[in-house]
Amino acid sequence: MCGCSMALSYTPTMVWNGTKWVEGSKKVWDGKAWSTKASVQFFDGQQWQVKAPQPTAFPRFISASTTRRTTPRHVTVAVPAEAKVTDFIVSVCVADAPSQLLAPAAFLPQVHRLPSGTTLTVVVWPYDGRPGDVVWQTQGATNATAMNLVYRGGDVSTAPIAPVKEIANHAQVNRVPLTSPVEYTSLLLVVAEATDLTGCAWPDGVLERARSLGPFGTPAASLLAADTPGAGASPGQLILDTTVRTAACATIQIPGINDGQPTWILSDDVASVLGSTTRLG
């Protein structure tokens with residue numbers, strides 16, 4: 001038996017471009033003609049891609065999923081089927097006991113304990129196509145709800161470790177002052193604790209994205225989510241159809257990338273900038 005080994009080597013085909021020798025393009029037959037194809041592609045969950053899409057100034061909402069606790073110790077919520085690789089997933093868990101993120105692993109959530117004892121736990125992570133649901137451990141909780149929201153066009157290279165930029169608490173209110181949006185797209189989360197909350201109305205310029213209402217007649221926390229591209233000043237108040245025992249509002253940043261263009265944001269005359277290249281955002 002020969003104890004030697006053989007190393008395989010690759011010798012590229014070089015062509016003269018008129019100035020210097022460069023490696024020739026790889027061609028593949030697409031059934032009609034020879035065309036240049038990238039040597040490496042990745043599956044984004046829906047189709048094969050040559051490269052990741054460029055981030056945008058305002059990452060856009062794609063889809064959301066919610067669930068209340070499904071087992072005595074865990075609450076499991078699916079990643080929406082519309083999610084693609086490089087999307088941002090905002091995973092939220094609200095429980096009346098401390099919660100711990102079990103899956104996906106390797107992400108450290110940000111935890112806020114509200115004055116009522118309820119915990120709001122948030123993690124923002126770039127979706128990589130891995131199968132499986134988001135799983136929270138909620139041992140000891142009597143009420144728990146979880147939510148996933150998908151945003152596309154974010155700058156995944158700047159995924160925030162501490163996504164909650166501001167949080168404010170209120171007691172015995174039926175109008176919740178919204179915290180101030182920040183740069184790029186801002187997700188506003190409201191946790192309202194009551195026994196009879198059945199609906200709400202967001203102010204102009206704030207778009208509702210998902211809601212998970214507590215069971216009627218039972219003291220529980222409801223989770224309400226909306227977003228806005230505005231920045232700077234509070235967009236107003238969230239109107240509830242009942243007076244809640246406590247309410248908390250948090251601003252979460254979905255980071256994008258500055259495109260260098262002035263942007264006029266409808267209903268936000270604080271952050272809007274007018275200029276010769278102004279466009280609607």
Side-chain angles (χ1 to χ4, degrees), residues 26 28 30-31 35-71 73-94 99-111 120-138 144-164 183-187 189 207 209-212 223 225-227 229 252-259:
K26 298 178 179 66
V28 297
D30 63 9
S35 59
T36 303
K37 296 291 183 182
S39 58
V40 177
Q41 294 184 337
F42 70 94
F43 190 68
D44 68 3
Q46 298 185 21
Q47 60 186 349
W48 289 95
Q49 298 285 1
V50 175
K51 60 181 180 180
Q54 289 295 319
T56 61
F58 299 102
R60 68 186 186 278
F61 171 78
I62 299 299
S63 185
S65 56
T66 65
T67 187
R68 302 197 75 85
R69 188 173 51 189
T70 54
T71 69
R73 295 185 178 181
H74 302 91
V75 57
T76 300
V77 57
V79 174
E82 296 85 354
K84 292 184 178 182
V85 173
T86 72
D87 285 348
F88 267 122
I89 309 294
V90 182
S91 295
V92 185
C93 182
V94 173
S99 58
Q100 180 181 356
L101 180 65
L102 298 183
F107 296 109
L108 182 64
Q110 186 177 6
V111 181
L120 169 64
T121 310
V122 181
V123 61
V124 177
W125 51 287
Y127 184 59
D128 62 2
R130 72 182 68 184
D133 300 331
V134 176
V135 181
W136 298 89
Q137 181 177 334
T138 56
T145 185
M147 180 180 293
N148 290 328
L149 301 107
V150 180
Y151 284 87
R152 185 162 300 156
D155 185 1
V156 295
S157 66
T158 59
I161 298 177
V164 177
E183 191 177 13
Y184 311 121
T185 297
S186 293
L187 171 62
L189 292 177
L207 301 177
R209 298 308 190 185
R211 65 169 68 180
S212 178
L223 179 58
D227 63 32
I252 296 174
Q253 183 186 56
I254 312 298
I257 191 169
N258 190 348
D259 59 7

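Remember, it's a predicted structure, so these values are computed and weren't measured experimentally.
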Mark yes or no for whether [X], through its side chain, and [Y], through its backbone, hold a donor-acceptor pair below 3.5 Å.
X	Y	result
Asp133	Val135	no
Gln253	Tyr184	no
Thr185	Pro59	yes

Is it true that the side chains of [X] and [Y] contain a donor and an acceptor less than 3.5 Å apart?
X	Y	result
Asp227	Tyr151	yes
Thr121	Trp136	no
Ser99	Thr138	no

| said: Working note: Val156 + Phe88, criterion side-chain contact (heavy atoms from CB on, under 4.5 Å); need CA distance, chi angles, decisive distance, verdict. | reply: CA-CA 7 Å; Val156 295; Phe88 267 122; 4.3 Å; yes

From [X] [atom1] over to [Y] [atom2], what is the distance, rounded to the nearest 0.5 angstrom?
X	Y	atom1	atom2	value
Leu108	Trp125	CG	CH2	15.0 Å
Glu183	Asn258	CD	CG	6.5 Å
Arg68	Leu223	CZ	CG	9.0 Å
Ile62	Arg152	CD1	CZ	4.0 Å

| field | Stepwise side-chain contact (heavy atoms from CB on, under 4.5 Å) test for Arg69 and His74 | value | CA-CA 6 Å; Arg69 188 173 51 189; His74 302 91; over 6 Å; no

Contact between [X] and [Y] at the side-chain level, heavy atoms closer than 4.5 Å - yes or no?
X	Y	result
Val79	Tyr127	yes
Val124	Ile89	no
Val123	Val90	no
Leu187	Leu149	yes
Ile252	Leu189	yes

| request: In sequence, state the C-alpha distance, the side-chain angles, and the governing distance for Thr56 and Ile257, and then conclude on side-chain contact (heavy atoms from CB on, under 4.5 Å). | output: CA-CA 6 Å; Thr56 61; Ile257 191 169; 5.7 Å; no

| Residues forming a side chain to side chain contact (heavy atoms under 4.5 Å, CB included) with Pro80, sequence neighbours excluded |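 Checked Pro80 against side chain to side chain contact (heavy atoms under 4.5 Å, CB included); matches are Ser63, Ser65, Glu82, Asn148, Val150.
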
| Can you name the nearest heavy-atom pair linking Pro163 to Ile161, along with the distance? |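 Where Pro163 meets Ile161 most closely, the heavy atoms are CD-O, 3.3 Å.
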
| request: Return the minimal non-hydrogen interatomic distance between Ser212 and Met147, and the atom names on each side. | output: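 Minimum heavy-atom contact is N-CE, 4.3 Å.
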
| task | Begin with the C-alpha distance, continue with both residues' side-chain angles, and end with the deciding distance and a verdict on side-chain contact (heavy atoms from CB on, under 4.5 Å) for Thr145 and Val75. | result | CA-CA 7 Å; Thr145 185; Val75 57; over 6 Å; no

